[in-house]
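Nothing fancy with the numbering, it's 1 onward along the sequence. Values below: every heavy atom of this structure, side chains too, minus hydrogens, waters and symmetry copies.
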Amino acid sequence: MKKIILSTLIAAMTVVSANAQTKKVSILGDSYSTFKGSNPEGQAPFYPDAHNDVTEVGQTWWSLYNEAMGYTLEVNDSWGGSTVCNIGYGHWNVANSSFNSRLWKLGNPDIIFVFGGTNDAWANSPIGEYKYSGITKEDCNTLRPAIAYMLDGLARIYPKATVYVILNSELKEDVNESFRKVCKHFRVQLIELHDIEKQNGHPSINGMKAICDQLVKSVK
């Protein structure tokens with residue numbers, strides 16, 4: 001009888017432990033985090049692409065990461081070509097698709113991955129000056145205040161979630177330094193990627209695996 005009770009208790013504790021480890025992950029991103037059918041309708045996906053070998057959603061960095069950690073996807077709000085700030089390619093105002101226009105759409109996550117800055121770098125979006133309070137809509141036309149507004153907003157909207165910022169490899173140094181400094185100010189862990197294989201400017205299967213591996217090693 002005692003053995004039966006002990007076995008039941010162990011089984012129950014195992015279930016509780018497994019549930020305690022299961023976390024919900026949301027993503028605020030650009031094309032690197034897209035996959036057709038996995039993002040809100042109307043938000044242009046990059047994957048799958050004829051010039052990239054990532055053809056299945058299970059090959060994306062976020063699918064690989066959640067599988068490795070035993071986590072579940074809450075919301076993937078990623079939009080191909082989107083910038084963190086409100087000025088994108090051709091110096092057009094893209095406030096409707098920028099990261100800060102989508103802060104409120106991430107559900108109820110335990111973890112938030114912000115994977116952006118690539119298009120700000122590629123589009124030569126204005127960098128601006130560092131500003132951490134009283135940030136206006138006009139301020140968010142430049143990158144540095146836009147990053148600050150984003151991180152402050154995420155902390156306010158999702159106080160129970162842990163935010164991590166992922167920074168692409170091979171970006172302009174002023175973009176890299178902007179993310180470093182603003183993330184340090186808000187005490188948000190910045191994960192700077194390296195050695196990411198790409199096809200058509202986007203992570204390949206090997207690149208996706210490398211992103212997952214670096215996240216698993218870096219996230220505390």
**OP:** Return yes if a side-chain donor-acceptor contact under 3.5 Å exists between Asp77 and Asn39, otherwise no.
**Re:** no

**OP:** Measure from NZ or CZ of Arg156 to the centre of the six-membered ring of Tyr158 and say whether it is under 6.0 Å with the direction within 45° of the ring axis.
**Re:** no

**OP:** Give the C-alpha distance, both sets of side-chain angles, the deciding distance and a yes or no for side chain to side chain donor-acceptor pair (under 3.5 Å) between Asn168 and Thr118.
**Re:** CA-CA 6 Å; Asn168 192 14; Thr118 298; 3.2 Å; yes

Original post:
Applying the 4.5 Å side-chain criterion to the ILVMFWY set and letting contacts propagate, would Trp79 and Tyr32 be lumped into a single cluster?
Top reply: no

**OP:** Classify the ring geometry between Phe35 and Tyr47 as parallel (under 30°), tilted (30 to 60°) or perpendicular (over 60°).
**Re:** parallel

Subject >> Donor-acceptor pair between Lys198 and Ser169 side chains, under 3.5 angstrom >> reply: yes

Subject >> Side-chain donor-acceptor contact under 3.5 Å, Asp53 with Ser204 >> reply: no

Original post:
Charged N to carboxylate O below 4.0 Å: is that the case for Lys131 and Asp139?
Top reply: yes

Subject >> Donor on one side chain, acceptor on other, Thr34 and Ser31, under 3.5 Å >> reply: no

Original post:
Out of curiosity, does Val188 fall in the hydrophobic cluster containing Ile191 (side-chain heavy atoms, cut-off under 4.5 Å, transitive links)?
Top reply: yes

Original post:
Between the side chains of Ser82 and Asp30, is a donor N or O closer than 3.5 angstrom to an acceptor N or O?
Top reply: no

**OP:** Describe, in one word, how the ring planes of Tyr132 and His185 are oriented to each other, choosing from parallel (under 30°), tilted (30 to 60°) and perpendicular (over 60°).
**Re:** parallel

